[in-house]
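One structure is given here, and the rest of the page talks about it.
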Protein chains: 4
Amino acid sequence: MANKTPPDSTRRSERSRRAIYDAALALVGEVGYNKLTIEGIAARAGVGKQTIYRWWPSKAAVLLDAFTQDVEGYEAGMPDTGDLAADLKFVLRASVDEFADEKWQAPYRALAVAGANDAELSARFVERLLEPGIQVYVKRMRAAQERGEIGADVDVRVATEMVLGPFTQRWLMRTGELTYAYVDTLVDLALAGLRPRA
Amino acid sequence: MANKTPPDSTRRSERSRRAIYDAALALVGEVGYNKLTIEGIAARAGVGKQTIYRWWPSKAAVLLDAFTQDVEGYEAGMPDTGDLAADLKFVLRASVDEFADEKWQAPYRALAVAGANDAELSARFVERLLEPGIQVYVKRMRAAQERGEIGADVDVRVATEMVLGPFTQRWLMRTGELTYAYVDTLVDLALAGLRPRA
Amino acid sequence: MANKTPPDSTRRSERSRRAIYDAALALVGEVGYNKLTIEGIAARAGVGKQTIYRWWPSKAAVLLDAFTQDVEGYEAGMPDTGDLAADLKFVLRASVDEFADEKWQAPYRALAVAGANDAELSARFVERLLEPGIQVYVKRMRAAQERGEIGADVDVRVATEMVLGPFTQRWLMRTGELTYAYVDTLVDLALAGLRPRA
Amino acid sequence: MANKTPPDSTRRSERSRRAIYDAALALVGEVGYNKLTIEGIAARAGVGKQTIYRWWPSKAAVLLDAFTQDVEGYEAGMPDTGDLAADLKFVLRASVDEFADEKWQAPYRALAVAGANDAELSARFVERLLEPGIQVYVKRMRAAQERGEIGADVDVRVATEMVLGPFTQRWLMRTGELTYAYVDTLVDLALAGLRPRA
DNA sequence: AGATAAACGAGACGGTACGTCAGGTCTTAGA
DNA sequence: TCTAAGACCTGACGTACCGTCTCGTTTATCT
């Protein structure tokens, strides 16, 4: 029952969509996620509330799309200089800087958090933002593994999590500082266990 | 100015406090954190709203106290059989079970998440719930380190995070399953790097 | 400025117009005037909203046209048997029956009411529906006056209102029942005057 | 089911109630009944919307109470100079003036009209405002009847309607002007009857 | 034991935002 | 070119909670 016929997406206003994305990102930076409201987004975007409700189920979904749009074409990838430790440290240090940027961090954190209480949203967040970031590490590790720098029996997925998990936890839970020194230590400690056994 | 004289805590109604804790925990399990409301807690507890506002600043704070109360005397600690890997796996496997229990998981997740958007709450959450849990690991590792099972130069705090971070991330972000096999792999991989260099 | 060129009425779709009338009358009977909506009429008629807005300024105007269409060729007129009292009673009794018919009454009442708050609509309602009904009485009275049954100095318009006004008030305001006995009393009293017979 | 416990009227804010009445009457005069909104009343009164919804079921009900409050203690009654025609004319002429006053007329008309589409409201409107006004005439007529100025067999209720009905119809439907001359004619005709004087 | 005063339950209050509905305008496709 | 379809902006709807503010009513000391 209750199947509202879904709107015809070919007629969708591109103008409104962009305005909504811009408004959502601007507002989440200004007032934070908790005080972000659909009414606020609509007003800022110069758009009717219904136009938002027509296309998204929640403010979190709007923000996810807005943010995804924003980081499209990111896919920076990781260098492969042949030195795995150096490459990991290089990218993680960049992440340290990124996560220190309040403007970028606010919506990302908001999404991570909103996802935690909403399984469906979580799935989309992971698929669209989190997983691609993880895969960058997995691929680089796999390359190292093929060259024999990492033990053949090592689960590179778990190995990646061993580097990213602590980083994420410190950031999200504020259980510690995110510094260059920290990520260096982390990489060294993690890699020490990955080397092929002599 | 504006210093509301704080309420006299000696006159506080113990009955009401318990009722509020019970109501908060019951409701967060039934409707989830987002739909948990102060009005709902007050109604369920048979308590005036003001009685809640008098003693707590937010629903998250209520929940934190309620939950803390609930796990008081936990402090289980970790066995020390002399086999570090086995001990870590033992406790982590218990955590796997614990985090699979919807009733326990709901408020814990809610608090973790609420903290992410509220630095002050976060600090108390970490201090009261998260950090004690981490310290259990840190202490066990330190013991192992003193016995020379772990390299003397290893930062046991970071080493602990290398085990708990991935676990937490999988749970919170739902980026993977939490199984016995997973935590075993995790422990083995982490410890491989911790052994003292020959 | 702003003079929208009026639409070319020669190209108007007769099919749509009829469908709109039918839908409007059906809906006003089903849901009442307050819950009658342009959207509802359009949907029921299988017509775009714009097609309604192009030709009518308001739902009341649609209903007025629809209803007028429906009662076209009414103009029943009043018999002239030579007995004024009997003729008046005859027609008023027919009205009693008519106003008891929910299906006929609903849109008529709706229009009377909508008119009360909209002078322009009111004018058209009076001109097209109400006044013709009144004139039927006025003519019959005038005929009686010419035959000397009614005083030559009597204002037959006012005399007519003296019969129809009470009837309308009872109906519209629900201040009393509309029965055969009532209209008989009304006619007798109006014709006779209140003074005691000498 | 669904019986929300009714609010405790002893705790009701008199201040708010007055402000709501004032706002409702002011707004209905300024923008008309159709554009009168609960939000508008609340805003103008400096009151939460819920405070209105708590105590009244609709904007019409608010207006009815507001208006009733306003005309409380009216109950002017009718003079009894012994000359029935003169007394009726006197009061009706006063009504002519009253109904020409836009400020008084707007809410009264609005209520009459709202009642037409809402039987329950109608009942209260009639009981509180309309019927008392009618009874003033009925009583005066009855007095005249007891003195023999009016035939003993005359139904004074119907006789009253014969005077007030036409007046009301002209006003509500705008079928004619409301002048002193009109009400004089009406009274004379009603009292005299239509038959030619012998 | 009685008086005093704070916490208590209850819930009305001024507000904000919700998610829905309809109004009236504007755009696109099709006949 | 007019029509059907329907997306759009607007604004009001009625509801849910917010956090504050009285109201009596316990309850727990302190005379």
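Residue numbers start from 1 in every chain, and the chains themselves are labelled A, B, ... in the order their sequence lines are given, proteins ahead of strands.
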Could you pull out the protein-nucleic contacts involving nucleotides 24-31 of chain F (nitrogen or oxygen on both sides, under 3.5 Å)?
unit_1  : atom_1 : unit_2   : atom_2 : d
dA28(F) : N3     : Arg11(B) : NH2    : 3.4

Step-by-step side-chain contact (heavy atoms from CB on, under 4.5 Å) determination, Phe125(D) to Phe67(D):
CA-CA 10 Å; Phe125(D) 170 66; Phe67(D) 193 70; over 6 Å; no
DNA chain F nearest-nucleotide lookup for Glu14(A) and Ser58(B): closer to the 5′ end is Glu14(A)
Discussion item. When you compare the side chain of Arg11(A) with that of Asp8(A), does any pair of heavy atoms fall below 4.5 Å?
Written reply: yes
Q.
Contact between Arg174(A) and Val126(B) at the side-chain level, heavy atoms closer than 4.5 Å - yes or no?
A.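 They are not in side-chain contact.
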Point to revise | Cation-pi, Trp55(D) ring and Arg18(D) (6.0 angstrom, 45 degrees) | key: no
Open item on the list: Taking the cut-offs as 6.0 angstrom to the six-membered ring centre and 45 degrees off its axis, would you call Arg12(D) and Trp56(D) a cation-pi pair?
Closed with: yes
* To do: To the nearest Å, give me how far apart CZ (Arg12(B)) and P (dC8(E)) are.
  =>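 These atoms are roughly 7 Å apart.
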task = Grab the CG-P distance between Asn34(D) and dA12(F) for me, whole Å please.
result =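 Computing the Asn34(D):CG to dA12(F):P distance gives 13 Å.
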Looking only at side-chain N and O atoms, does Ser16(A) come under 4.0 Å of OP1 or OP2 in dA7(F)?
no
Notebook entry, point to check: Do any of residues 18-31 of chain B sit with a heavy atom less than 4.0 Å from DNA chain F, and if so which?
Noted result: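 Per residue number, the list is empty: none.
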Here the pair of heavy atoms bringing Ala24(B) nearest to Leu36(B) is O-CD1, 4.1 Å
- How far apart are the closest heavy atoms of Gly115(A) and Ser122(A), and which atoms are they?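 That would be O-CB, 3.3 Å.
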Starting from the C-alpha separation in whole Å, work towards a yes-or-no answer on salt bridge (charged side-chain N to carboxylate O under 4.0 Å, His left out) for Arg124(D) and Asp118(D).
CA-CA 10 Å; Arg124(D) 295 210 296 139; Asp118(D) 176 345; over 6 Å; no
Any Lys/Arg nitrogen of Glu39(D) or Lys59(D) sitting under 4.0 Å from an Asp/Glu carboxylate oxygen of the other?
no
- Salt bridge check: are Arg109(C) and Glu102(C) linked by an N-O gap of less than 4.0 Å? no
query = Which part of the nucleic acid, if any, lies within contact of Trp55(B), taking any heavy atom under 4.0 Å across all strands shown: a base, the sugar-phosphate backbone alone, or nothing?
reply =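 Sugar-phosphate only.
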With a non-hydrogen cut-off below 4.0 angstrom, is Arg54(B) in contact with a base, only sugar-phosphate, or nothing?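 Base, at least one base atom sits under 4.0 Å.
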Q.
Can you tell me if Gln105(D) has over 12 outside heavy atoms packed within less than 6.0 Å of its CD?
A. yes
- Side chain of Thr51(A) - closest among dC8(E), dC9(F), dA12(E):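 Closest nucleotide among those given: dC9(F).
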Give each protein N/O atom lying under 3.5 Å from an N/O atom of nucleotides 16-19 of chain E, with the pair distance.
unit_1  : atom_1 : unit_2   : atom_2 : d
dC18(E) : OP1    : Ile38(A) : N      : 2.9
dC18(E) : OP2    : Ile38(A) : N      : 3.4
dC18(E) : OP2    : Glu39(A) : N      : 2.9
dG19(E) : OP2    : Tyr53(A) : OH     : 2.6
dG19(E) : N7     : Lys49(A) : NZ     : 3.0
dG19(E) : O6     : Lys49(A) : NZ     : 2.7

